[in-house]
2 protein chains.
Amino acid sequence: MLELAILGFLYDTPLHGYELRKRLTALIGHVRPVPESTLYPAIKRLEKAGLLARETQPGATAAPRQVLTLTGPGRAQLRDRLASPERADITDENRWFVLLAFLRHLPDPSAQADVLRRRLVFLEEPASFFYEGDRPLRAEEMEDPFRRGVLTIARATGEAELGWLRTTLESLDGHV
Amino acid sequence: MLELAILGFLYDTPLHGYELRKRLTALIGHVRPVPESTLYPAIKRLEKAGLLARETQPGATAAPRQVLTLTGPGRAQLRDRLASPERADITDENRWFVLLAFLRHLPDPSAQADVLRRRLVFLEEPASFFYEGDRPLRAEEMEDPFRRGVLTIARATGEAELGWLRTTLESLDGHV
DNA sequence: TGAACATACCTCGACACCGAGGTACTACGT
DNA sequence: ACGTAGTACCTCGGTGTCGAGGTATGTTCA
């Protein structure tokens with residue numbers, strides 16, 4: 001998730017680590033913080049893998065900046081991760097939102113539609129959180145108000161997203 | 001998240017690891033799988049911390065079972081984690097749902113209400129995912145359909161949950 | 001002058017995650 | 001007799017996470 005977001009932000013424009021961290025925090029910091037001790041090793045990893053290059057520039061007010069730029073393989077890697085996401089990028093809402101945030105970087109609308117369809121298939125799988133034996137329990141039959149809340153909220157989310165997915169897919173397919 | 005769920009399930013009834021894994025998979029497996037190589041070390045951790053005890057029983061059909069039972073400190077620990085959740089348990093929807101799944105184990109309705117109020121405060125914080133400089137961008141002004149989708153879905157989820165939180169808080173407060 | 005805060009980057013160490021693989025037994029079909 | 005699937009538990013090793021702490025410069029305010 002972190003690596004995808006780094007690649008996504010740098011795809012638009014080169015950034016130094018500190019600025020990158022601010023943008024990452026705006027995107028995913030509301031859910032979980034982005035500590036520097038996670039970010040800087042991640043940058044190193046991506047650099048070592050040849051996905052980004054760094055260039056030292058004098059700092060605007062303080063220490064020198066390491067300006068990070070995606071390399072060719074780095075740009076290809078982002079498109080690849082967007083076009084062929086891991087299962088967890090589809091199933092985990094946090095990761096899915098990050099993926100959506102950068103999906104516009106996939107050049108082909110039909111490839112974008114394929115990704116949306118994977119999420120659609122996932123959302124259409126019958127799923128419940130709570131079971132009595134093998135039988136899924138519906139919100140109406142839960143006496144626990146908190147578990148009922150989980151089902152109620154999940155259902156509302158699912159419906160909102162299904163609606164959005166269907167209209168967006170229509171308009172994407174219309175452009176082909 | 002995993003540890004909270006383990007404590008939550010065992011609070012109801014003792015279970016052996018294999019059955020515990022099935023229930024964990026039903027609860028959170030849809031978002032991310034629960035590998036045995038994560039579960040068994042987690043059980044060991046909790047045992048080492050004195051939160052659960054194990055008792056070997058002959059297996060129903062195969063290998064002997066390790067039946068896991070929460071100890072007194074284990075039961076106290078669950079109530080403590082429910083009553084004073086970490087920030088990430090409030091902000092990360094996946095973790096929040098797990099917490100909700102077991103919140104009924106908090107004996108005091110006003111303590112339950114306090115936890116819901118923490119989530120309410122979090123949801124009421126103005127938050128956006130996307131910024132232009134410092135200014136948060138609204139769904140209407142995003143030309144990127146995917147980012148617009150993120151905002152649309154997040155808003156629908158937020159509204160559904162706020163509604164549920166408010167009515168549930170009313171009924172909890174009514175019982176005090 | 002001095003404290004506080006922001007900019008900007010870094011390491012270390014403890015620990016959690018998890019794919020791959022192993023062990024051992026039962027049940028069922030062919 | 002053999003393969004497959006399910007039950008039931010486990011270790012190992014590579015890797016990612018992250019709190020704590022460190023280094024250095026610039027600005028702001030008392």
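Just so we're on the same page: letters track the sequence lines, and every chain starts at 1. Everything numeric here is computed off the predicted structure, so don't read it as measured data.
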From Leu39(A), Ile43(A), Ile6(A), Thr38(A), residue fulfilling side chain to side chain contact (heavy atoms under 4.5 Å, CB included) relative to Arg21(A): Leu39(A)
Below 4.0 Å: OP1/OP2 of dA8(C) and any side-chain N or O of Lys22(A): no
Counterpart residues, side-chain hydrogen bond (donor to acceptor under 3.5 Å, both in side chains), relative to Arg54(A) (two or more places apart): Glu47(A)
Arg148(B) bridged to Glu143(B) by N-O distance under 4.0 Å: no
Whole-Å gap separating P (dT7(C)) and CZ (Arg65(A)): 10 Å
Between dC9(D) (P) and Glu47(B) (CD): distance, integer Å: 12 Å
OP1 or OP2 of dC9(C) under 4.0 Å from side-chain N/O of His16(A): no
Quiz item: cation-pi between Arg79(A) and Phe102(A), 6.0 Å / 45°: no
Distance in angstrom units between Arg23(B) CZ and dA8(D) P, rounded: 13 Å
Length of the CG-P vector between Leu4(B) and dA16(C), whole Å: 15 Å
cation_pi(Arg65(A), Tyr18(A)) dist<6.0 Å, angle<=45: no
Please tabulate, for side-chain N and O atoms in residues 155-162 of chain A, each donor-acceptor pair with protein atoms closer than 3.5 Å (sequence neighbours left out).
unit_1    : atom_1 : unit_2    : atom_2 : d
Arg155(A) : NH1    : Glu140(A) : OE2    : 3.4
Thr157(A) : OG1    : Ile153(A) : O      : 2.8
Thr157(A) : OG1    : Thr157(B) : OG1    : 3.3
Glu161(A) : OE1    : Arg119(A) : NH2    : 3.0
Glu161(A) : OE2    : Trp96(A)  : NE1    : 2.9
Glu161(A) : OE2    : Arg119(A) : NE     : 2.7

Whole-Å distance separating the CD atom of Glu19(A) from the P atom of dC9(C): 10 Å
Separation of atom CG in Leu39(A) from atom C1' in dG19(D), rounded to whole Å: 15 Å
Reading 5' to 3' through nucleotides 11-17 of chain D, protein heavy-atom contacts under 4.0 Å coded B for base, S for sugar-phosphate only, - for none: B----SS
Expected output: side-chain Gln112(A) to main-chain Leu103(A) donor-acceptor under 3.5 Å: yes
Protein-nucleotide distance (Glu86(B), atom CD; dA16(C), atom C1'), rounded to Å: 13 Å
Arg54(A) side-chain N/O to dA8(C) phosphate OP1/OP2 under 4.0 Å: no
Among dC9(C), dT7(D), dG19(D), the nucleotide that comes nearest once only the side chain of Pro35(A) is considered: dG19(D)
Spacing of Tyr18(B) atom OH relative to dC25(C) atom P, expressed in whole Å: 17 Å
